[in-house]
Undergrad: 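My questions will all concern the structure given below.
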Amino acid sequence: MWDNHTMNSSLLSGLNPEQRAAVELPAQSALILAGAGSGKTRVLTTRIAYLISTGQVSPHGILAVTFTNKAAKEMVTRLSALLPINTRGMWIGTFHGLCNRMLRAHFREANLPQTFQILDSGDQLSAIKRLMKVMNVDDEKYPPREVANFISGSKEQGLRASDVEAYDPYTRRKVEIFAEYDAQCQREGVVDFSELLLRCYELLQRNQQLREHYQARFKHILVDEFQDTNPLQYRWLKLLAGRDNALFAVGDDDQSIYAFRGANVGNMQELLRDFHVESVIKLEQNYRSHGNILDAANALIQNNRNRLGKNLWTDAHKGEPLRVYEAPNDVEEARFIVDEIQQLRREDVRLSEIALLYRSNAQSRVLEHALVSAGLSYRVYGGLRFFERQEIKHALAYLRLMENTDDDNALLRIINFPTRGIGARSIEQLQESARQFNTTLFNAAARAGGKVAAFVGIIEALRNETRDLPLPEIIDHVLQHSGLVAHYEAEKTTPAKRREAEERLDNLNELLNAATLFVHEAEDDSLTAFLTHASLEAGEHQAGDSEDALHLMTVHAAKGLEFHTVFITGLEQGLFPHENSVNEDGGLDEERRLMYVALTRARRRLYLSFAQSRMLHGQVNYSVMSNFLREIPEELLHWLTPRFEARRTFSSGSQETASYVAAFGAAHSEPAPPSPQAAWRIGQRVFHQKFGEGVVTDAEGSGNDGRVQVNFKRAGSKWLALEYAKLTAL
DNA sequence: TGGTTCTTAGTTTTT
DNA sequence: CTAAGAACCA
C-alpha cells in the first residue's frame with residue numbers, strides 16, 4: 001500500500017483546473033469535451049490512476065476502451081508510469097479487442113468454436129464474393145463491396161438480417177445475402193469485425209448472469225475518442241454500464257471524421273440524456289500549437305452548425321502567420337514544398353518533425369516523386385499493412401486451416417498456392433461435393449482423390465508435425481513445408497522479380513520474428529492467440545522506424561499526431577473539400593472537421609498550398625482555391641505568392657503584372673486571352689481544345705474570374721476556371 | 001494453369 | 001495515369 005496523499009498530489013500536479021476537475025470527478029458518468037492538444041490522454045490515464053490510488057476501485061474494476069491498438073498501448077504505458085501496478089490483467093483495449101476477449105472467455109455461451117478466427121475486411125469481401133457466386137447473385141447489380149458495407153453497416157447499427165426492414169426487392173435481396181453470409185460464417189467458425197461487437201453485445205444482452213457479472217465488475221468504464229463510436233458500440237457501453245456504473249467519456253465533436261463509416265457524433269448528446277450527465281467539462285486550453293494556428297482552426301470550425309461549442313486557446317505566443325502558396329500546378333506545388341523542407345533542414349528542423357498531409361492517397365505520388373528527386377527520405381503512412389501482405393496472408397491461411405479446418409476462406413486461399421495442379425474446375429467440383437454432403441470444403445476434400453486429397457495430406461502432416469511445438473517453430477515448419485518458401489525462392493528468375501521475391505521472403509522471416517516477439521510479450525502464446533493478434537492488429541509498420549524521415553499521410557491518418565511543421569496540400573475545391581462529400585448531407589461539415597484536424601496537427605509552422613491545375617485520372621484538372629482557405633481570417637495568413645484576388649485588379653502591362661509573370665511564369669506562359677464572351681449561360685454548348693464538345697451545367701463568379709461546370713460528351717463533367725480554360729461557344 | 005491483354009474505376013477506412 | 005480485376009488465349 002502506498003501513501004494516498006503524496007500519490008494524489010503528485011498525480012494532480014501540473015494539471016490545469018479543468019483537467020483536474022475531470023480527474024477528480026465523483027463516481028458518476030461524465031462527458032469530457034477535449035479539444036485538440038488539450039491533454040485528453042493525460043486526463044484519461046490520470047483519471048484511472050486517481051481512481052485506483054484513492055481506493056475507489058481496484059485495477060480489476062476498470063474498463064478502458066479505445067479505437068486503436070496504438071492508443072490502448074499508450075494508455076497502458078502511461079498508466080504504468082503513473083502507478084506501480086501490474087497492468088497486464090487490466091481490461092484496457094480496443095472495442096474489438098475487448099469483445100474478442102469476452103467471446104474467447106465465453107465461447108460456448110456465444111455459440112462459437114473455441115478457436116474461432118477473425119475475418120479482416122479483405123477476408124470478409126472474399127467470403128461474400130464466394131457466397132454470391134453460390135447464390136447466383138449478379139455482382140454487377142450487387143457489387144460485393146456494397147454488399148459488405150451493407151452487412152457491416154447493419155451490424156454496426158445493431159441489426160441482424162432479420163431486423164433489417166427492406167421495402168424494395170433490391171434491399172430484400174441484400175438482406176438474403178446478409179442472412180446467408182452470417183450462416184456461412186457460423187458454419188465456418190469465423191467472425192468479421194462488426195460481428196465481434198454484435199456477438200458480444202448479444203451475449204451480454206441475452207445472458208443475464210454474464211451481464212450482471214461484468215456489470216458488477218466494471219465500476220468505471222472509460223472511453224477515448226467517444227465521438228467516433230457507432231450505435232452498436234454505444235449500446236454495448238450502455239449494457240456494461242448498467243444502472244450503476246460510471247461512464248467517463250472523452251471526445252471532441254469537432255474531430256469527428258468517421259461518420260462516413262458509421263460513427264455517430266449524436267452519441268454525445270445521447271450520452272448526456274441516457275446517463276443523466278451532470279458534469280460536462282470542456283478542456284479548451286491547448287498545449288500544442290501557437291496562437292495563430294489555433295485562431296485559424298477556431299475561425300474555420302465556427303462555420304459548422306450543431307457544434308457542442310468549444311474554443312481552443314493557448315498561453316503560447318501568436319507565433320508565425322500561416323504560409324500560403326498558390327502553385328500553377330501540382331508538380332510546382334511539390335517543388336515548392338521540397339524547397340521549403342530543405343530550408344527547414346538548414347534551420348535544424350528534423351525531417352520526422354515535418355508532415356505532408358493530403359486529402360486522398362493518390363496525391364502522395366507527385367510529392368513522393370519530388371522527394372525522391374531531392375533525395376529526401378520519407379515514409380508514407382497508411383499503406384499496405386504487415387499482416388495484410390499477400391505472402392503473410394498465405395502463411396496465416398495455412399496456420400488457420402490447421403487450427404480450424406472449417407475455415408473455407410483459408411482453404412480456398414491456399415489449396416492451390418503454391419500451385420499444385422488444383423484448378424478452378426477441381427475447386428468447383430469440390431464446392432459442389434461439399435454442398436451435396438452438407439460439409440466443409442476440407443471434409444469434402446478428404447473424400448476426394450488425387451491432388452485434392454494430397455493437399456489434405458499436407459495440412460494434416462503439418463498439423464501432426466507441429467503438435468506441441470512452440471509457436472515460432474510451428475510457423476517456421478509451416479513456412480518450410482507448405483512450399484511457400486520454395487515457391488518464392490523459385491520466383492527469383494529476372495532481376496525485377498528477384499527483388500520482389502526477396503522482399504516477400506524477408507516478410508515471411510519477419511513473420512517469424514513477430515511470432516517470437518509475441519511469445520515473449522503475450523500472456524497467451526497459443527497459435528489461436530497469435531492469429532487473433534494478426535487479425536486485430538494488422539501491424540503498424542516494418543523496420544526502419546528509427547530513420548529520420550518525413551511523414552506523408554492522409555489527414556485522416558494524421559488524427560492524434562502532431563508535428564513541428566505541417567504542410568496541408570491540395571487545398572482546392574473538389575479535392576479538399578472533396579467533391580463526393582459535398583453532395584452527401586453533413587458531408588461538407590465533416591470535410592471542415594477534417595480540415596480542422598489538419599490545422600491542429602501543427603505546433604509551430606503551418607503551410608497551406610494549392611494548385612491551379614493538377615493531374616487527376618490522367619487528365620489535367622483546373623480548380624480554384626478551397627473555400628476552407630477563404631474561411632481563415634486574412635490577417636493570420638502570409639501569402640508567399642500574390643493573393644489570388646489581388647491579381648484581378650492588375651491592369652495589363654503594369655509593372656506588378658510583369659514581375660508576377662516573371663516570377664510565376666510557368667502557368668502563365670500562355671496567358672489566356674480575355675474571353676470575348678462576358679458570361680457563360682447554363683445550357684450553352686461549348687467546345688474545349690482538349691475535352692471536346694460539352695454543355696455548361698453550372699457557373700460561379702463572373703467574367704473571366706469565374707468558373708463553369710461543363711458536361712463534356714467524352715470527358716464527363718468538369719469545373720473549368722475561365723481564366724485558363726479556352727472555351728469556344730458553339 | 002498461367003501468363004497475357006483489356007476494361008474500368010478512381011475519398012477518407014482506427015478494427 | 002495506373003492499379004486491380006476480368007476476360008482471353010496458349
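Values below: every heavy atom of this structure, side chains too, minus hydrogens, waters and symmetry copies. Protein chains get the first letters and strands the later ones, always in sequence-line order, with residue 1 at the start of each.
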Undergrad: Taking only the side-chain heavy atoms of Asp228(A) (C-beta and beyond), determine which of dT15(B), dT13(B), dT14(B) contains the nearest atom.
TA: dT14(B)
Undergrad: Checking contacts here: which listed nucleotide (dG2(B), dT12(B), dT15(B)) is nearest the side-chain heavy atoms of Ser360(A)?
TA: dT12(B)
Undergrad: Base, sugar-phosphate, or nothing: which does Tyr258(A) touch, judged by heavy atoms less than 4.0 Å apart?
TA: base
Undergrad: What is the distance, rounded to the nearest whole Å, between atom CZ of Arg145(A) and atom P of dA9(B)?
TA: 15 Å
Undergrad: Could you check whether Gly560(A) gets within reach of a base, just the sugar-phosphate, or nothing at all, counting any heavy atom under 4.0 Å?
TA: nothing
Undergrad: What integer distance in Å separates Leu594(A):CG from dT14(B):P?
TA: 14 Å
Undergrad: Tell me yes or no: between the side chains of Gln429(A) and Gln431(A), is some donor less than 3.5 Å from an acceptor?
TA: no
Undergrad: When the C1' atoms of dT11(B) and dA6(C) are compared, how many Å lie between them, rounded to an integer?
TA: 25 Å
Undergrad: Side chain of His617(A) only, heavy atoms from C-beta on: which candidate in dG10(B), dT12(B), dT14(B) is closest?
TA: dG10(B)
Undergrad: Does Thr419(A) have a side-chain nitrogen or oxygen under 4.0 Å from the phosphate oxygens OP1 or OP2 of dG2(B)?
TA: yes
Undergrad: For dT14(B) and Arg385(A) - does any side-chain N or O of the residue sit under 4.0 Å from the phosphate oxygens OP1/OP2?
TA: yes
Undergrad: Are His96(A) and the base of dT15(B) stacked, counting only ring centres nearer than 5.5 Å and planes tilted under 30°?
TA: no
Undergrad: So what does Ser535(A) hit on the nucleic acid, given a heavy-atom distance under 4.0 Å: a base, only sugar-phosphate, or nothing?
TA: nothing
Undergrad: Looking for any heavy atom pair under 4.0 Å, which part of the strands does Asp120(A) touch: base, sugar-phosphate only, or nothing?
TA: nothing
Undergrad: Does Glu584(A) reach a base, just sugar-phosphate, or nothing at all? Heavy atoms under 4.0 Å.
TA: base
Undergrad: Under 3.5 Å, which N/O atoms of the protein pair with N/O atoms of nucleotides 2-8 of chain C?
TA:
residue : atom : partner   : partner atom : Å
dA3(C)  : OP1  : Arg365(A) : NH1          : 2.9
dA3(C)  : OP1  : Arg365(A) : NH2          : 2.8

Undergrad: So if I take every side-chain heavy atom of His556(A) and compare against dT14(B), dT12(B), dG2(B), which nucleotide ends up nearest?
TA: dT12(B)
Undergrad: Under 4.0 Å, counting only non-hydrogen atoms across every strand here, what does Ser581(A) touch: a base, just sugar-phosphate, or nothing?
TA: base
Undergrad: Can we say Arg593(A) and Asp253(A) salt-bridge, meaning some charged N sits less than 4.0 Å from an Asp/Glu carboxylate O?
TA: no
Undergrad: Would you mind reading off the distance between Ile257(A) atom CD1 and dT13(B) atom C1', rounded to a whole angstrom?
TA: 10 Å
Undergrad: What nucleic acid atoms does Leu119(A) come within less than 4.0 Å of, heavy atoms only: base, sugar-phosphate, or nothing?
TA: nothing
Undergrad: Can Glu489(A) and Arg504(A) be counted as an ion pair, charged N to O under 4.0 angstrom?
TA: no
Undergrad: So, Asp182(A) and Lys155(A), do they make that salt bridge, N to O below 4.0 Å?
TA: yes
